[in-house]
Chemist: 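Below are the structure tokens for one structure; questions will follow.
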Amino acid sequence: MINSILTLFRVRGDDPTLAVAQKAALSKQIPLMYFILLVNTWGVAITHMHVAPAFLTIAVPTLMTVVCSMRLLQWWYRAGRTETDPTRAIADLRRTNRIAWVLAAVFATWGVALAPYGDSFMQSHVAFYMGITVIGCIFCLTHLLSAAIAVTLVVNIVFIAYFGMTGNDIFIAMAVDVGLVSLAMLMVLWVQYRDFTNLIVSRRELEMKKNALEKRELDLIEEQKQTQALSDENKKLANVDSLTSLANRRFFFGKLDEAIAASQAQDDPIHVGIIDLDGFKPVNDAYGHRIGDELLVQLAFRLSHICRGKALVARLGGDEFAFLLLAKNHAAAQELAEEICEACREPFSIANIIVQIGASVGIASSDLCDDAANHLYEHADFALYQAKRDAPGTAVAFSDEHHRSLSRVMIIEQALRDRSIDRDIALNFQPIFDIQQQSVTAFEALARWQHPVLGFVSPAEFIPAAERLGYINHLSRLLLTKALHEAQTWPDNIRLSFNLSARDLSSSEHAMRLLAIIGNSGITPTRIDLEITETAILTDLMRAQTVAQAFISAGVGVSLDDFGTGYSSLTHLHSMPLTKIKIDRSFVTGIDRDPASAKIVKSLIRMADDLNLECIIEGVETAGEMDQVRELGGRFVQGYHISKPLGAADARKLVLATGQSNHAAAR
Ligand code: C2E
Ligand code: MG
Ligand code: MG
């Protein structure tokens, strides 16, 4: 209780914002309060000058004027400055609070000290002076309740005590009146002060909320900035090849799409070049990936140097790069591609190793082909394939002729995809002739495809396409079934020779399925020869050995086709389980006129004999070649001189009509 009464007389030090606000409000009102005080004081002093001693009418008021004027100026000066330091504000408020006690006491005492010197009118003046001054001061101290209470209390006590004791009814009534009015005013003041405090508190809370919101907003902006920076970094990473720092595949195709769209709108040609390194793999294999990577980095540097300011260059992956060029004509693309080929031919020096490679480039220009824009990459890729096949190390531009063959490839691939090939594919049979016995000993089944639009399509075209699309195993099974079906119509001593793809040997499962087809055909496996190529052996020697062994164990013969054309060495020949070799027709062409070919074929025949392998000589086209082969000791021959591949019916007719015996009939 006492504590809460005491707090009424103290300045709150716990609320800095309130203190600052109080001081700001007071600095406008306190100078006014001193003004009221001094005017009123001098009003009373002057009226009492002729009755009261000079000490009271001049000295005291002058002293009070000096003190009050100093305070007035002090507050006036402060009113012009915005106080932000709460500690100073609190200190000032406390000082004002203390001064209020002193000044109230001094003025009240001075008032009652003057009263006895005057008559009733003058005493009434003093009473009026004290009453009006206390009310004026209370108003001016609205924002410092403790000081207002102090002034009220001090002045009222002195006033009531003095005038209450005069015994005069009018003065007693005035004393009671002033006391009650002061009380009422204090209550009004208290309500106003509370509202003021609440206003400051809620303003502060509002400000805090606003600040918190602003901070949150700033945090959000900062977060957004960080996210943006992160996403920019990710975007950069997503668009750049980490090894070479060139643009990557994704960025390249994004730019290509944009360029295509822009070129269609503005009719400006664009050119794409695909760069593929020749001889990179051997470097990688011989010196390791570190050297390989460094080679790619150096190469990327050369490419970006050549393309700087001209074209976008990107690494598409592995040893494949590409450029995108916007230029008026395709000659600029050809020039750039040739410059690249030349730069790639220059030796690279990596960790004291000198490495030399090459590059082939396929170029496609949107001004060379009508519908080229949307297929630029595919066209450039096709041109690259042609370059690598026909002229490695050079730049080849996609031409109308390429366009025609690409369209053909696409039609072929479509027929493979929709399996319409199954319906149209058939087999021809080319006899294999035994010179000794002078009879047809076997037929080689050769696939024939009559496409509804393209007409005749050579197996050299559609077999690689079927291999590319993973359709070959199905095709082999289909053709083997057809071939076996046909072979059933032949006499038992006529063998069937059937070509396998390298892919048929790539897994035991495929091989087993082929053996199962043979098993189910009703034809004894010993009548069958399966032809494999050197490519199949080279792809996976171990697997080829296993599969070939499985065939031989099942009684099926295994022939090595096109012998001498590939890269297989005699070691392969020795380690492969085989029953026959077929000497490629390139050795036979012109053999009757070329002693060197004759020598090679002679040695091959002898070698086959030594290895206990039967030897078939392919591609015998003329009587002269036939005589030469016979002279060299060749026994089995195949070629146009004997017979071109025949339709199934003709092949059947041939073996049945001739009793499979004589050469003349075969021809
Ligand atoms: P290959 O197995 O070496 O077949 C012999 C090729 O030489 C056949 O071409 C045949 O028509 C041709 N030929 C035969 N005698 C002569 C001749 O005296 N002179 C000339 N210039 N050519 C001759 P074809 O039928 O175009 O077959 C090409 C290649 O396609 C075949 O070479 C074979 O590797 C492959 N092939 C053919 N049919 C099939 C098949 O059903 N499956 C698989 N996987 N490959 C097949
Ligand atoms: Mg063959
Ligand atoms: Mg062959």
Side-chain angles (χ1 to χ4, degrees), residues 412 416 421-422 424-433 440 442-450 456-487 495-506 510-511 514 517 528-537 539 557-566 568 578 580-592 604 615-626 628-629 634 636-648 651 666-667:
I412 291 170
L416 284 163
I421 190 175
D422 289 9
D424 301 323
I425 201 158
L427 284 167
N428 269 5
F429 297 92
Q430 188 178 32
I432 296 171
F433 191 74
V440 171
F443 283 102
E444 177 179 2
L446 294 164
R448 292 291 174 263
W449 180 26
Q450 197 70 25
F456 176 75
V457 182
S458 155
E461 275 181 283
F462 69 80
I463 296 287
E467 286 175 338
R468 258 197 322 274
L469 299 183
Y471 187 57
I472 190 68
N473 302 117
H474 166 82
L475 205 61
S476 291
R477 290 194 290 273
L478 179 84
L479 289 171
L480 180 62
T481 311
K482 282 183 191 240
L484 288 166
H485 184 73
E486 199 50 43
R495 303 176 65 83
L496 168 71
S497 203
F498 184 82
N499 291 289
L500 290 186
S501 150
R503 300 285 175 98
D504 293 320
L505 280 89
S506 64
H510 292 314
L514 293 172
I517 290 171
I528 316 287
D529 289 307
L530 295 176
E531 297 188 11
I532 61 174
T533 59
E534 292 174 78
T535 330
I537 298 174
T539 313
V558 175
S559 313
L560 181 60
D561 204 356
D562 304 338
F563 181 70
T565 51
S568 76
L578 295 170
K580 292 183 177 71
I581 58 167
K582 294 183 79 175
I583 297 172
D584 191 71
R585 80 160 181 269
S586 53
F587 296 104
V588 184
T589 307
I591 194 175
D592 47 337
L604 290 176
C615 179
I616 299 164
I617 294 142
E618 289 188 288
V620 178
E621 288 185 349
T622 64
E625 287 167 3
M626 182 70 177
Q628 183 67 56
V629 168
F636 298 102
V637 285
Q638 188 181 351
Y640 292 168
H641 178 67
I642 315 296
S643 166
K644 285 203 165 182
L646 303 168
R667 294 186 67 186

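Order of appearance sets the numbers: ligands from 1, and atoms from 1 within every ligand. All heavy atoms count here, side chains included; hydrogens, waters and symmetry mates do not.
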Chemist: Among all protein non-hydrogen atoms, which one is nearest to atom 6 (C) of ligand 1, and what is the separation to 0.1 Å?
Modeler: Arg585 NH1, 4.5 Å
Chemist: Tell me the closest heavy-atom pair linking Val629 and Ile617, and the distance in Å.
Modeler: CG1-CD1, 3.4 Å
Chemist: Heavy-atom pairs closer than 4.0 Å: do any link ligand 1 to the side chain of His641, the backbone, both, or neither?
Modeler: neither
Chemist: Is a side-chain donor or acceptor of Thr589 paired with a backbone partner of Arg585 at a separation under 3.5 angstrom?
Modeler: yes
Chemist: Answer with side chain, backbone, both or neither: which part of Glu444 has a heavy atom less than 4.0 angstrom from an atom of ligand 1?
Modeler: side chain
Chemist: Using modelled atom types only, decide if a donor and an acceptor are shared between the side chain of Glu534 and the backbone of Gly564 within a distance under 3.5 Å.
Modeler: yes
Chemist: Would you check if the side chain of Lys482 reaches a backbone N or O of Ile425 as a donor-acceptor pair within less than 3.5 Å?
Modeler: yes
Chemist: Any non-hydrogen side-chain atom of Ser643 less than 4.5 Å from a side-chain atom of Phe443?
Modeler: no
Chemist: For Ser476, does its backbone N or O pair with a side-chain atom of Asp504 as donor and acceptor, under 3.5 Å?
Modeler: no
Chemist: Any protein heavy atom lying closer than 4.0 Å to atom 32 (O) of ligand 1?
Modeler: no
Chemist: Look up atom CG in Leu514 and atom CG in Asn473, then write down how far apart they are to the nearest 0.5 Å.
Modeler: 8.0 Å
Chemist: Any protein heavy atom under 4.0 Å from atom 16 (C) of ligand 1?
Modeler: yes
Chemist: Quick one: which ligand 1 atoms are inside 4.0 Å of a heavy atom on Leu479?
Modeler: 41 (O)
Chemist: Which one holds for Ile463 and ligand 1: side chain close, backbone close, both close, or neither close, with close meaning a heavy atom under 4.0 Å?
Modeler: side chain
Chemist: Would you call Gln430 a ligand 1 contact, heavy-atom distance under 4.0 Å?
Modeler: yes
Chemist: If you measure from CG on Leu560 to CG on Leu578, what distance do you get to the nearest 0.5 Å?
Modeler: 5.5 Å
Chemist: Any idea which protein heavy atom is nearest atom 5 (C) of ligand 1, and the distance to it?
Modeler: Glu618 OE2, 4.0 Å
Chemist: Verify, without hydrogens or angle tests, whether Gln430 (side chain) and Leu646 (backbone) share a donor-acceptor contact under 3.5 angstrom.
Modeler: no
Chemist: Is there an N/O/S atom in Asp584 that lies less than 2.8 Å from the Mg ion (ligand 3)?
Modeler: no
Chemist: Any N/O/S atom of Glu531 sitting less than 2.8 Å from the Mg ion (ligand 3), backbone or side chain?
Modeler: no
Chemist: Looking at Glu467, is its backbone amide N or carbonyl O close enough to the side chain of Arg503 to form a donor-acceptor pair, meaning the two atoms are under 3.5 Å apart?
Modeler: yes
Chemist: Please classify the Asn499 to ligand 1 contact at 4.0 Å (heavy-atom distances, strictly less than): side chain, backbone, both or neither.
Modeler: both
Chemist: Is the shortest side-chain heavy-atom distance between Ile421 and Phe462 below 4.5 Å?
Modeler: yes
Chemist: Which atoms of ligand 1 sit under 4.0 Å from any heavy atom of Pro645?
Modeler: 11 (O)
Chemist: Could you tell me the residue and atom name of the protein heavy atom closest to atom 10 (C) of ligand 1, and the distance to it rounded to 0.1 Å?
Modeler: Leu446 CD1, 3.8 Å
Chemist: Tell me the protein heavy atom at minimum distance from atom 3 (O) of ligand 1, and give that distance in Å.
Modeler: Asp562 OD1, 3.0 Å
Chemist: Write out the residue and atom name of the closest protein heavy atom to atom 1 (P) of ligand 1, then the distance separating them to 0.1 Å.
Modeler: Asp561 OD2, 3.7 Å
Chemist: When you measure from the Mg ion (ligand 3) to each N, O or S atom of Asp562, which atom gives the shortest distance?
Modeler: OD1
Chemist: Have a look at the Mg ion (ligand 2) and estimate, to 10 degrees, the angle subtended by OE2 (Glu444) and OD1 (Asn499).
Modeler: 90°
Chemist: For atom 28 (C) of ligand 1, grab the closest protein heavy atom and report residue, atom and distance to one decimal in Å.
Modeler: Pro459 CG, 4.0 Å
Chemist: Which atom name would you report as the N, O or S atom of Asp561 nearest the Mg ion (ligand 2)?
Modeler: OD2
Chemist: What are the atoms of ligand 1, with element, lying closer than 4.0 Å to any heavy atom of Leu500?
Modeler: 44 (N)
Chemist: Any idea which heavy atoms bring Ile581 and Leu604 closest together, and the distance?
Modeler: CD1-O, 4.4 Å
Chemist: Nearest 0.5 angstrom please: Arg468 CZ to Ile412 CD1, how far?
Modeler: 8.5 Å
Chemist: List the closest protein heavy-atom neighbour of atom 21 (N) of ligand 1: residue, atom name, distance to the nearest 0.1 Å.
Modeler: Glu621 OE2, 3.0 Å
Chemist: To which of Phe456, Phe462, Tyr640, Phe498 does the heavy atom nearest atom 18 (O) of ligand 1 belong?
Modeler: Tyr640
Chemist: Could you give the distance from CD1 (Ile583) to CG (Asp561), rounded to the nearest 0.5 Å?
Modeler: 12.0 Å
Chemist: Checking a contact table here: which protein heavy atom is nearest atom 38 (N) of ligand 1, and how many Å away?
Modeler: Ala447 N, 3.1 Å
Chemist: At a 4.0 Å threshold, what atoms of ligand 1 neighbour a non-hydrogen atom of Gly619?
Modeler: 17 (C), 18 (O)
Chemist: Which atoms of ligand 1 are found less than 4.0 Å from any heavy atom of Gly639?
Modeler: 15 (N), 18 (O)
Chemist: Would you say the side-chain atoms of Glu625 pair up with the backbone N or O of Glu621, donor to acceptor, closer than 3.5 Å?
Modeler: yes
Chemist: Just to verify, which of Lys580, Arg495, Lys582 counts as forming a salt bridge (Lys or Arg N to Asp or Glu O under 4.0 Å) with Glu531?
Modeler: Lys582
Chemist: Please classify the Arg448 to ligand 1 contact at 4.0 Å (heavy-atom distances, strictly less than): side chain, backbone, both or neither.
Modeler: side chain
